[in-house]
**Q** 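Input: one structure, supplied below.
Atoms within each ligand, like the ligands themselves, are counted from 1 in listed order.
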Amino acid sequence: MPIDTAQFESLLSDARDIVLIGHFNPDGDAVGSVTAAWHYLKARGKRARIILPSPHPESLAFLDPEEAPILVCERDPQEARRLVAAADVLLCLDFNRLARTEYLEDDILASSAKKVLVDHHIAAELDRFDLVFSTTKVSSTCELLFDVILAMPDVAGDPGRIPLPCAESLYVGMMTDTNNFSNSVFPGTFEMASKLIARGVDKDGLQDKVLNCYSESRTRLMGHMIQDKMVVLPQYGAAYMLLSNREKDLYDFKPGDSEGFVNLPLAIRDVQVSALFTENFDGRYIRVSLRSKSPVNVNSLAVRFFNGGGHRNASGGRLYMPLEEVPACFEKALAAWTDEEKFS
Ligand code: 5GP
Ligand code: MN
């Protein structure tokens, strides 16, 4: 469907102070989309700042614009609040609910800025925004943002007019959210990849930077998780792993190091659902990561049992209990999860 960008164009052309916001625990799609938008706006001569609620993984640091470094709200909450209050356009990327900004929900609501959402999650809070680009029929927010940018009057459908750093950020978000073309891939995803590569994006170089960038200790931690921590529950077609703070210390854990762990048990033929439970560094909660093979829908599991949400095949949430209590809680959830919800 063609995207109508008239309202967005008019908001941007009038804007003086634009703030781009991603979600807490930002992943490749969050960092890719905020930095892609920043480069697009810069090429249009627009002033913009990026705010992320918490730091991004080191492997994505090369996307952070040198000229206007990402402001991390956890490090400087006052400045983040000041920027949100002073903005005339807030562009929210890769989250469906303002609560996913963790600290900034009230500030965003209180700001007089026009609020724009670009997102690919289920059930976005449509009424909290002045303008929304939202669909689940794309791989990633970066794919949707690519379609939006392509439809802007100055780009006019020509990928050659997308600034190269913008194109690179878009590619990274798509590549990471699809697990390098293994899930959530639509025909438009390949079209996007093809156009971006023709534009000059170095696919192999980005892959190396983002996916083949881990430490030796991270690779050993991955082995430990599979060998010693993976529990398979054949009666539920499920598997799970627990990652404690003690293990993180032992393996010199850095943010982003557990990226991809939750997918590993899905390589087992009869495992349809995989869960990774990670103790948060301050022990306040357990981060829940869920993955499934089609046609199983883990979004319903995340919403009903784990205070979260996400996508059909990739969701997440939080649990407020000691790590030792998680296995029983997970099994209870699997037992109570109805087939109707599971295949919804
Ligand atoms: P991950 O397992 O990679 O942390 O998250 C997978 C997906 O689940 C994310 O893309 C996001 O859509 C969703 N997600 C993760 N954590 C939360 C959460 O705490 N709340 C909600 N609503 N969604 C989450
Ligand atoms: Mn995403």
**Q** Applying a heavy-atom cut-off of 4.0 Å, say which part of Arg287 lies close to ligand 1: side chain, backbone, both or neither.
**A**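 Looking at Arg287 and ligand 1, just side chain atoms fall under 4.0 Å.
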**Q** Please list, in number order, the atoms of ligand 1 under 4.0 Å from a heavy atom of Gly308.
**A**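 What qualifies from ligand 1 is 20 (N), 21 (C), 22 (N).
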**Q** Answer with yes or no whether the side chains of Thr35 and Ser169 bring together a donor and an acceptor at under 3.5 Å.
**A**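 Yes - a donor-acceptor pair under 3.5 Å links their side chains.
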**Q** Considering the heavy atoms of His121, write down every atom of ligand 1 situated less than 4.0 Å from one of them.
**A** 10 (O), 11 (C), 12 (O)
**Q** Evaluate Arg97 for polar contact with ligand 1, using N/O atom pairs at a separation under 3.5 Å.
**A** no
**Q** Do ligand 1 and Leu290 have nitrogen or oxygen atoms that lie under 3.5 Å from each other?
**A**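 Among all N and O atoms of Leu290, none is under 3.5 Å from an N or O of ligand 1.
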**Q** Residues in side chain to side chain contact (heavy atoms under 4.5 Å, CB included) with Leu211, at least two apart?
**A**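 So Leu211 forms a side chain to side chain contact (heavy atoms under 4.5 Å, CB included) with Met175, Asn180, Gln207.
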**Q** Who's closest to atom 1 (P) of ligand 1 heavy-atom-wise, of Ser289, Gly316, Ser184?
**A**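 When every heavy atom of Ser289, Gly316, Ser184 is considered, Ser289 comes closest to atom 1 (P) of ligand 1.
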**Q** Is the closest N or O pair between Gly309 and ligand 1 shorter than 3.5 Å?
**A**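 Checking ligand 1 against Gly309, an N or O pair does fall under 3.5 Å apart.
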**Q** For Phe190, check ring-ring contact (aromatic ring centres under 6.0 Å, His included) against everything at least two apart and list the hits.
**A** Phe181
**Q** Around atom CZ of Arg220, are there more than 12 heavy atoms of other residues, nucleotides or ligands at under 6.0 Å?
**A**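 No, because the 6.0 Å sphere around CZ of Arg220 holds 12 heavy atoms or fewer from other groups.
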**Q** Under 4.0 Å from a heavy atom of His311: give me the atoms of ligand 1 that qualify, with their elements.
**A** 10 (O), 12 (O)
**Q** Has Lys137 got more than 12 heavy atoms of other residues, nucleotides or ligands less than 6.0 Å from its NZ?
**A** no
**Q** Is it the case that His311 and Asn313 place a side-chain donor and acceptor less than 3.5 Å from each other?
**A** no
**Q** How about CD on Gln235, more than 12 heavy atoms from neighbouring residues, nucleotides or ligands closer than 6.0 Å, or not?
**A**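 Counting neighbours around CD of Gln235, more than 12 heavy atoms of other residues, nucleotides or ligands fall under 6.0 Å, so yes.
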**Q** I'd like the name of whichever of Ser315, Ala314, Gly310 reaches closest to atom 5 (O) of ligand 1 through any heavy atom.
**A** Ser315
**Q** So for ligand 1, is Asp27 a polar contact partner (N or O within less than 3.5 Å, distance only)?
**A**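 No; the residue has no nitrogen or oxygen that sits under 3.5 Å from a nitrogen or oxygen of the ligand.
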**Q** Looking at Arg161 and Asp158, does any basic side-chain N land under 4.0 Å from a carboxylate oxygen?
**A** yes
**Q** Out of curiosity, is Arg291 lining ligand 1, as in a heavy atom under 4.0 Å away?
**A** yes
**Q** Is the shortest distance from a heavy atom of His23 to ligand 1 less than 4.0 Å?
**A**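 Contact check His23 vs ligand 1: negative.
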**Q** Is there a nitrogen or oxygen of Arg318 sitting under 3.5 Å from a nitrogen or oxygen of ligand 1?
**A**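 So ligand 1 has no N or O lying under 3.5 Å from an N or O of Arg318.
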**Q** Hey, are Lys254 and Glu58 close enough for a salt bridge, meaning a charged N less than 4.0 Å from a carboxylate O?
**A** no
